[in-house]
Amino acid sequence: MKFGVVVFPGSNCDRDVAYVTRDLLGAPTRMVWHQETDISDIDVVILPGGFSYGDYLRCGAIARFSPVMQQVVEHAQKGKFVLGICNGFQVLTEAGLLPGALMKNRDVHFICDRVSLKVERTNLAWTEGYAGNEIITLPIAHGEGQFYADKKTISEIQDNNQVVFRYQGENPNGSLNNIAGICNAAGNVLGMMPHPERASDPILGSSDGLKLFQGLLEKVVALV
(Lines give C-alpha, C1' and ligand atoms only; values in the text may rest on other atoms or scores of the structure.)
Protein backbone atom coordinates (compact mmCIF):
# COMPACT_ATOMS: atom_id res chain seq x y z
CA MET A 1 0.00 0.00 0.00
CA LYS A 2 1.31 3.42 -0.97
CA PHE A 3 0.66 6.67 0.88
CA GLY A 4 0.63 10.07 -0.80
CA VAL A 5 1.11 13.18 1.34
CA VAL A 6 -0.14 16.32 -0.42
CA VAL A 7 2.09 19.38 -0.02
CA PHE A 8 0.45 22.79 -0.38
CA PRO A 9 2.35 26.08 -0.11
CA GLY A 10 2.28 26.59 3.65
CA SER A 11 1.96 22.94 4.69
CA ASN A 12 4.16 22.27 7.71
CA CYS A 13 3.15 18.83 8.97
CA ASP A 14 3.73 16.96 5.72
CA ARG A 15 7.14 15.58 6.76
CA ASP A 16 5.75 14.57 10.15
CA VAL A 17 3.13 12.41 8.45
CA ALA A 18 5.67 10.95 6.02
CA TYR A 19 7.93 10.06 8.94
CA VAL A 20 5.14 7.94 10.40
CA THR A 21 4.09 6.16 7.21
CA ARG A 22 7.54 5.75 5.67
CA ASP A 23 9.95 5.48 8.60
CA LEU A 24 7.85 4.04 11.44
CA LEU A 25 5.59 1.78 9.38
CA GLY A 26 7.90 1.13 6.43
CA ALA A 27 5.17 1.84 3.86
CA PRO A 28 5.95 3.38 0.45
CA THR A 29 5.25 7.11 0.72
CA ARG A 30 5.34 9.86 -1.90
CA MET A 31 5.19 13.61 -1.37
CA VAL A 32 2.56 14.96 -3.79
CA TRP A 33 3.01 18.59 -4.86
CA HIS A 34 -0.31 20.46 -5.03
CA GLN A 35 0.00 21.11 -8.77
CA GLU A 36 0.16 17.43 -9.70
CA THR A 37 -2.73 15.99 -11.69
CA ASP A 38 -1.98 12.26 -11.54
CA ILE A 39 -2.16 10.40 -8.23
CA SER A 40 -3.22 7.07 -9.71
CA ASP A 41 -0.27 5.36 -8.00
CA ILE A 42 -1.53 6.34 -4.53
CA ASP A 43 -3.74 4.17 -2.32
CA VAL A 44 -4.17 6.53 0.65
CA VAL A 45 -4.10 10.32 0.25
CA ILE A 46 -3.25 12.42 3.30
CA LEU A 47 -3.86 16.17 3.49
CA PRO A 48 -1.59 17.35 6.31
CA GLY A 49 -1.78 20.19 8.78
CA GLY A 50 -0.28 23.62 8.34
CA PHE A 51 -1.33 26.91 6.84
CA SER A 52 -2.09 26.23 3.18
CA TYR A 53 -1.76 29.45 1.20
CA GLY A 54 -1.22 31.31 4.47
CA ASP A 55 -4.84 30.66 5.52
CA TYR A 56 -5.90 33.69 3.45
CA LEU A 57 -9.66 34.11 2.94
CA ARG A 58 -10.55 31.05 5.06
CA CYS A 59 -8.51 28.08 6.17
CA GLY A 60 -8.49 25.65 3.25
CA ALA A 61 -10.52 27.92 0.96
CA ILE A 62 -7.71 28.44 -1.58
CA ALA A 63 -6.17 24.97 -1.28
CA ARG A 64 -9.53 23.55 -2.30
CA PHE A 65 -8.85 24.88 -5.84
CA SER A 66 -5.35 23.40 -6.19
CA PRO A 67 -5.08 21.14 -9.28
CA VAL A 68 -4.48 18.04 -7.18
CA MET A 69 -7.79 18.42 -5.35
CA GLN A 70 -9.85 17.32 -8.34
CA GLN A 71 -7.82 14.13 -8.28
CA VAL A 72 -8.38 13.79 -4.53
CA VAL A 73 -12.14 14.15 -5.03
CA GLU A 74 -12.12 11.45 -7.72
CA HIS A 75 -9.92 9.27 -5.50
CA ALA A 76 -12.50 9.53 -2.71
CA GLN A 77 -15.44 8.94 -5.05
CA LYS A 78 -13.84 5.64 -6.07
CA GLY A 79 -13.98 4.55 -2.43
CA LYS A 80 -10.27 4.98 -1.83
CA PHE A 81 -8.96 6.37 1.44
CA VAL A 82 -8.45 10.07 2.21
CA LEU A 83 -7.32 11.52 5.53
CA GLY A 84 -7.34 15.23 6.37
CA ILE A 85 -5.55 16.35 9.53
CA CYS A 86 -6.17 19.83 10.98
CA ASN A 87 -5.76 22.11 7.94
CA GLY A 88 -6.39 19.01 5.84
CA PHE A 89 -9.76 18.60 7.58
CA GLN A 90 -10.55 22.22 6.71
CA VAL A 91 -9.65 21.57 3.07
CA LEU A 92 -11.92 18.50 2.96
CA THR A 93 -14.92 20.50 4.18
CA GLU A 94 -14.18 23.29 1.69
CA ALA A 95 -13.98 20.70 -1.10
CA GLY A 96 -17.32 19.19 -0.09
CA LEU A 97 -15.85 15.79 0.75
CA LEU A 98 -17.01 16.21 4.36
CA PRO A 99 -20.01 18.12 5.75
CA GLY A 100 -19.86 21.14 8.04
CA ALA A 101 -17.17 23.78 8.46
CA LEU A 102 -14.33 24.67 10.81
CA MET A 103 -14.72 28.11 12.37
CA LYS A 104 -12.58 30.29 14.62
CA ASN A 105 -12.08 28.83 18.07
CA ARG A 106 -14.65 29.83 20.67
CA ASP A 107 -12.19 32.11 22.49
CA VAL A 108 -10.64 33.37 19.21
CA HIS A 109 -7.20 32.19 20.34
CA PHE A 110 -4.78 29.78 18.71
CA ILE A 111 -4.67 26.62 20.82
CA CYS A 112 -1.62 24.37 21.17
CA ASP A 113 -2.25 21.62 23.69
CA ARG A 114 -3.00 17.94 24.24
CA VAL A 115 -6.59 16.76 24.48
CA SER A 116 -8.46 13.63 25.47
CA LEU A 117 -10.59 12.04 22.76
CA LYS A 118 -13.18 9.30 22.79
CA VAL A 119 -13.06 6.90 19.85
CA GLU A 120 -16.71 6.73 18.81
CA ARG A 121 -16.37 4.15 16.05
CA THR A 122 -14.07 1.16 15.76
CA ASN A 123 -15.69 -0.47 12.74
CA LEU A 124 -13.80 1.72 10.26
CA ALA A 125 -10.50 0.84 8.64
CA TRP A 126 -9.13 3.97 10.31
CA THR A 127 -10.05 2.93 13.85
CA GLU A 128 -9.98 -0.87 13.97
CA GLY A 129 -6.79 -0.63 16.00
CA TYR A 130 -8.65 0.99 18.90
CA ALA A 131 -10.91 -0.55 21.52
CA GLY A 132 -14.56 0.48 21.71
CA ASN A 133 -14.99 3.84 23.47
CA GLU A 134 -11.22 4.00 24.05
CA ILE A 135 -9.95 7.32 25.42
CA ILE A 136 -6.79 8.53 23.73
CA THR A 137 -4.64 11.65 23.97
CA LEU A 138 -3.53 13.59 20.90
CA PRO A 139 -2.03 17.06 20.33
CA ILE A 140 -3.99 19.93 18.80
CA ALA A 141 -2.70 23.14 17.25
CA HIS A 142 -5.24 25.34 15.51
CA GLY A 143 -6.95 28.70 15.41
CA GLU A 144 -10.01 27.59 13.45
CA GLY A 145 -11.00 24.22 14.81
CA GLN A 146 -14.55 24.79 15.99
CA PHE A 147 -16.70 22.32 14.08
CA TYR A 148 -20.00 23.82 13.00
CA ALA A 149 -22.95 22.74 10.88
CA ASP A 150 -26.64 23.63 10.74
CA LYS A 151 -29.11 21.57 12.75
CA LYS A 152 -30.15 19.44 9.81
CA THR A 153 -26.56 18.56 8.93
CA ILE A 154 -25.66 17.82 12.55
CA SER A 155 -28.70 15.53 12.76
CA GLU A 156 -27.65 13.72 9.58
CA ILE A 157 -24.08 13.30 10.84
CA GLN A 158 -25.38 11.83 14.08
CA ASP A 159 -27.98 9.61 12.41
CA ASN A 160 -25.41 8.29 9.91
CA ASN A 161 -22.93 7.55 12.71
CA GLN A 162 -20.29 9.76 11.08
CA VAL A 163 -18.70 11.08 14.28
CA VAL A 164 -15.42 9.22 14.72
CA PHE A 165 -13.74 11.22 17.52
CA ARG A 166 -15.18 13.45 20.25
CA TYR A 167 -13.43 15.67 22.72
CA GLN A 168 -13.65 14.04 26.13
CA GLY A 169 -13.97 16.31 29.15
CA GLU A 170 -13.00 19.85 28.19
CA ASN A 171 -14.04 21.05 24.74
CA PRO A 172 -11.06 23.18 23.66
CA ASN A 173 -12.59 25.12 20.77
CA GLY A 174 -16.39 25.10 21.10
CA SER A 175 -17.06 22.39 18.48
CA LEU A 176 -20.72 21.40 18.33
CA ASN A 177 -21.44 18.12 20.10
CA ASN A 178 -17.74 17.94 21.06
CA ILE A 179 -16.94 16.76 17.53
CA ALA A 180 -13.21 16.35 16.88
CA GLY A 181 -13.32 14.16 13.79
CA ILE A 182 -15.88 12.88 11.29
CA CYS A 183 -16.01 10.63 8.26
CA ASN A 184 -18.15 10.66 5.15
CA ALA A 185 -21.15 8.35 4.87
CA ALA A 186 -19.04 5.66 3.17
CA GLY A 187 -16.35 5.83 5.84
CA ASN A 188 -13.39 6.12 3.47
CA VAL A 189 -12.82 9.86 4.03
CA LEU A 190 -11.78 10.96 7.51
CA GLY A 191 -11.17 14.49 8.79
CA MET A 192 -9.90 15.32 12.26
CA MET A 193 -8.50 18.38 14.02
CA PRO A 194 -6.11 16.57 16.42
CA HIS A 195 -2.74 15.40 15.09
CA PRO A 196 -2.25 11.60 15.25
CA GLU A 197 1.14 11.91 13.53
CA ARG A 198 2.46 13.91 16.49
CA ALA A 199 1.63 11.06 18.86
CA SER A 200 2.98 8.12 16.87
CA ASP A 201 6.60 7.79 17.98
CA PRO A 202 7.07 6.57 21.58
CA ILE A 203 10.07 8.87 21.87
CA LEU A 204 7.57 11.76 21.94
CA GLY A 205 5.82 10.26 24.95
CA SER A 206 2.74 8.79 23.25
CA SER A 207 1.86 6.38 20.46
CA ASP A 208 -1.92 6.76 20.61
CA GLY A 209 -1.96 8.16 17.10
CA LEU A 210 0.04 5.33 15.57
CA LYS A 211 -2.91 2.94 15.93
CA LEU A 212 -4.82 4.95 13.34
CA PHE A 213 -2.14 4.45 10.68
CA GLN A 214 -1.39 0.85 11.72
CA GLY A 215 -5.05 -0.14 11.66
CA LEU A 216 -5.55 1.26 8.20
CA LEU A 217 -2.39 -0.35 6.86
CA GLU A 218 -3.31 -3.76 8.26
CA LYS A 219 -6.89 -3.52 6.97
CA VAL A 220 -5.92 -2.59 3.43
CA VAL A 221 -3.13 -5.17 3.23
CA ALA A 222 -5.60 -7.83 4.40
CA LEU A 223 -7.97 -6.91 1.58
CA VAL A 224 -5.32 -7.17 -1.14
Side-chain angles (χ1 to χ4, degrees), residues 1-7 13-32 39-49 71-86 88-89 92 97-98 114-140 160-166 168 179-224:
M1 183 174 74
K2 188 174 185 178
F3 288 89
V5 183
V6 176
V7 183
C13 299
D14 44 340
R15 265 60 184 180
D16 296 344
V17 173
Y19 171 74
V20 175
T21 59
R22 181 190 60 224
D23 300 322
L24 295 183
L25 296 180
T29 301
R30 181 165 77 83
M31 310 308 287
V32 179
I39 58 171
S40 58
D41 61 315
I42 302 299
D43 299 299
V44 181
V45 174
I46 302 179
L47 307 183
Q71 308 305 311
V72 173
V73 170
E74 293 177 6
H75 182 93
Q77 290 174 340
K78 293 176 182 177
K80 296 183 178 181
F81 295 102
V82 179
L83 169 63
I85 303 170
C86 199
F89 186 7
L92 290 178
L97 285 175
L98 289 175
R114 290 179 178 272
V115 296
S116 294
L117 303 171
K118 181 180 179 182
V119 182
E120 292 282 313
R121 290 187 62 177
T122 55
N123 61 342
L124 297 172
W126 305 103
T127 55
E128 287 192 347
Y130 296 105
N133 296 320
E134 183 173 350
I135 305 300
I136 63 175
T137 300
L138 296 181
I140 57 171
N160 293 333
N161 201 23
Q162 289 176 244
V163 179
V164 182
F165 299 103
R166 289 189 202 270
Q168 184 74 9
I179 292 173
I182 62 171
C183 64
N184 63 344
N188 62 304
V189 179
L190 171 65
M192 57 191 299
M193 287 311 296
H195 288 264
E197 79 282 8
R198 295 184 182 178
S200 290
D201 192 334
I203 199 172
L204 298 177
S206 173
S207 56
D208 283 354
L210 186 61
K211 293 181 182 179
L212 185 144
F213 299 100
Q214 285 177 324
L216 176 66
L217 184 60
E218 292 170 2
K219 178 70 173 181
V220 174
V221 170
L223 293 175
V224 175

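Between the side chain of D14 and the backbone N or O of A18 there is no donor-acceptor pair closer than 3.5 Å.
Heavy-atom minimum distance, P196 versus P194: CD-O, 3.2 Å. Shown here for A27 and L217, the closest heavy-atom pair between the two residues is CB-CD1, 4.4 Å.
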| field | side-chain contact (heavy atoms from CB on, under 4.5 Å) between N184 and L97, worked out | value | CA-CA 7 Å; N184 63 344; L97 285 175; over 6 Å; no

| said: Set out, in order, the CA-CA distance, both residues' side-chain angles and the distance that settles side-chain contact (heavy atoms from CB on, under 4.5 Å) for F3 and V20, then state yes or no. | reply: CA-CA 11 Å; F3 288 89; V20 175; over 6 Å; no

| task | Verify side-chain contact (heavy atoms from CB on, under 4.5 Å) between Y130 and I136, making sure each step is shown before the conclusion. | result | CA-CA 9 Å; Y130 296 105; I136 63 175; 3.8 Å; yes

Side-chain donor-acceptor pairs under 3.5 Å in residues 75-86, sequence neighbours left out?
residue, atom, partner, partner atom, Å
H75, NE2, D43, O, 3.2
H75, NE2, F81, O, 3.1

Which donor-acceptor pairs under 3.5 Å do the side chains of residues 202-214 make with protein atoms, sequence neighbours left out?
residue, atom, partner, partner atom, Å
S206, OG, D208, N, 3.3
D208, OD2, T137, N, 2.9
K211, NZ, E134, OE2, 2.9

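Separation of atoms CZ (R114) and CZ (R198) is listed at 10.0 Å; rounding is to 0.5 Å. Interatomic distance, Q168 CD to N133 CG, rounded to the nearest 0.5 Å: 9.0 Å. For the atom pair NE2 (H195) and SG (C13), the distance works out to 5.0 Å, reported to the nearest 0.5 Å. Between atom CD of residue E120 and atom CZ of residue F165 there is a gap of 10.0 Å, rounded to the nearest 0.5 Å. The CE atom of M193 sits 12.5 Å away from the CG atom of L138 when rounded to the nearest 0.5 Å. Taking CG of L47 as the reference point, atom CG of L190 lies at 11.0 Å (rounded to 0.5 Å).
Applying side-chain contact (heavy atoms from CB on, under 4.5 Å) to V189 and the options I182, L92, V73 leaves one that passes, L92.
For N160, the side-chain hydrogen bond (donor to acceptor under 3.5 Å, both in side chains) partners at least two apart in sequence or on another chain are Q162. T127 is linked by a side-chain hydrogen bond (donor to acceptor under 3.5 Å, both in side chains) to nothing, counting only residues two or more places apart in sequence or in another chain. Partners of R121 according to the side chain to side chain contact (heavy atoms under 4.5 Å, CB included) rule, which considers only residues two or more places apart in sequence or in another chain, are N123, L124, N161, C183. For the side chain to side chain contact (heavy atoms under 4.5 Å, CB included) test, residues two or more places apart in sequence or in another chain that qualify with R30 are K2, V32, E36, I39, D41, I42.
Side-chain contact between T21 and I46: present, with at least one pair of heavy atoms (C-beta onward) separated by less than 4.5 Å. Here the side chains of R15 and V7 are in contact, with some heavy-atom distance below 4.5 Å. Put simply, the side chain of I179 reaches to within 4.5 Å of the side chain of R166, judged on heavy atoms. The closest side-chain heavy-atom distance from V44 to M1 is below 4.5 Å.
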